[in-house]
Enquirer: 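I have a structure here, written as structure tokens, and I will follow up with some questions on it.
Please read all numbers here as calculations on a predicted model, not as lab measurements. When reading the values below, keep in mind they use all heavy atoms of this one structure, side chains included, and skip hydrogens, waters and symmetry mates.
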Amino acid sequence: MGKIIVVKISELTKKHKISMRELSRLSDVRHAALSELANGKRESISFSHIVRIAEALNIEDIREIIDLTDSKEKN
């Protein structure tokens, strides 16, 4: 059993009541990249994306964007 990093894009868009396309526009992160992160199809996220999302949504705590969890919990 290992650990995985979960990027909480869907939770962020719901919490801030914006679409993924709007998050893309605000953060200047490609919509396709956000979609892949939200759907678990991308296995990495760059620090610059995390920073841009945090700045766009006025987030102070990185744990609102990413989380570390056991790999079996994702399934």
Side-chain angles (χ1 to χ4, degrees):
M1 169 179 20
K3 299 282 187 182
I4 59 167
I5 293 175
V6 177
V7 184
K8 302 187 277 187
I9 300 296
S10 297
E11 292 92 332
L12 290 171
T13 56
K14 287 177 189 164
K15 178 181 176 183
H16 292 273
K17 297 182 173 120
I18 61 172
S19 67
M20 198 147 356
R21 198 157 298 282
E22 180 68 4
L23 178 57
S24 172
R25 188 186 69 76
L26 292 171
S27 64
D28 197 28
V29 175
R30 288 182 324 112
H31 180 269
L34 292 174
S35 181
E36 289 171 355
L37 287 166
N39 295 321
K41 294 185 178 179
R42 181 177 279 223
E43 296 196 10
S44 65
I45 182 171
S46 70
F47 288 127
S48 67
H49 285 179
I50 294 170
V51 169
R52 288 188 282 194
I53 292 167
E55 288 174 345
L57 299 177
N58 200 27
I59 292 173
E60 299 281 325
D61 188 345
I62 194 171
R63 292 174 293 182
E64 288 186 53
I65 302 170
I66 60 173
D67 198 8
L68 183 65
T69 186
D70 290 330
S71 61
K72 71 175 187 173
E73 288 181 23
K74 186 178 179 190
N75 298 329

Enquirer: Which pair of non-hydrogen atoms, one from D70 and one from K3, has the smallest distance, and what is that distance?
Expert: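 Shortest heavy-atom contact: OD1-NZ, 2.9 Å.
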
Enquirer: Check the hydrophobic clustering (I, L, V, M, F, W, Y; side-chain heavy atoms under 4.5 Å; chains of links allowed) and say if I4 and I9 are grouped together.
Expert: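 No: no chain of side-chain contacts under 4.5 Å links I4 to I9.
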
Enquirer: Do I59 and L34 sit in the same hydrophobic cluster, where Ile, Leu, Val, Met, Phe, Trp and Tyr count as joined when their side-chain heavy atoms come under 4.5 Å apart?
Expert: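 Same cluster.
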
Enquirer: Count I, L, V, M, F, W, Y as connected when their side-chain heavy atoms are under 4.5 Å apart, and connections chain through other members. Are V6 and F47 then in the same cluster?
Expert: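 No: no chain of side-chain contacts under 4.5 Å links V6 to F47.
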
Enquirer: What closest approach, in Å, do I65 and I50 show between heavy atoms, and which atom pair accounts for it?
Expert: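 Shortest heavy-atom separation between I65 and I50 comes out as CD1-O, 3.7 Å.
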
Enquirer: Give the intermediate values and the outcome of side-chain contact (heavy atoms from CB on, under 4.5 Å) for residues L57 and I18.
Expert: CA-CA 10 Å; L57 299 177; I18 61 172; 3.7 Å; yes

Enquirer: In a check of side-chain contact (heavy atoms from CB on, under 4.5 Å) between I5 and each of I45, I66, T69, which one passes?
Expert: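 Going through the options one by one, the only one that passes is I66.
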
Enquirer: Any sub-3.5 Å donor-acceptor pair from S71's side-chain atoms to G2's backbone N or O?
Expert: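 The answer is yes, because a donor-acceptor pair under 3.5 Å joins these two groups.
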
Enquirer: Return the minimal non-hydrogen interatomic distance between S10 and T13, and the atom names on each side.
Expert: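 Heavy atoms of S10 and T13 come nearest at O-OG1, 2.9 Å.
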
Enquirer: Look up atom CD in E55 and atom CG in D28, then write down how far apart they are to the nearest 0.5 Å.
Expert: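 Interatomic distance, E55 CD to D28 CG, rounded to 0.5 Å: 11.0 Å.
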
Enquirer: Using modelled atom types only, decide if a donor and an acceptor are shared between the side chain of N39 and the backbone of K41 within a distance under 3.5 Å.
Expert: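 Judged by distance alone, no pair lies under 3.5 Å.
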
Enquirer: Regarding K14 and E11, does a basic nitrogen lie under 4.0 Å from an acidic carboxylate oxygen?
Expert: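 So K14 does not pair with E11 through a salt bridge.
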
Enquirer: So does R21 have more than 12 non-hydrogen atoms from other groups sitting under 6.0 Å from CZ?
Expert: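 For R21, atom CZ is not crowded (no more than 12 foreign heavy atoms under 6.0 Å).
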
Enquirer: What I'd like to find out is whether the side chain of K15 reaches to under 4.5 Å of the side chain of K8, using heavy atoms alone.
Expert: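 Answer no - side chains too far apart.
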
Enquirer: Where do E64 and L12 come nearest, in terms of heavy atoms and distance?
Expert: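 In terms of heavy atoms, the two residues are closest at O-CD2, 3.4 Å.
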
Enquirer: Between S35 and H31 (side chain of the first, backbone of the second, donor and acceptor by atom type, cut-off under 3.5 Å), is there such a pair?
Expert: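 Not confirmed, S35 side chain does not pair with H31 backbone.
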
Enquirer: Where do R30 and S24 come nearest, in terms of heavy atoms and distance?
Expert: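 Nearest heavy atoms, R30 then S24: C-OG, 3.7 Å.
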
Enquirer: Looking at every heavy atom in both L37 and S44, which two are closest together, and how far apart are they?
Expert: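 Scanning both residues, the minimum pair turns out to be CD2-O, 3.7 Å.
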
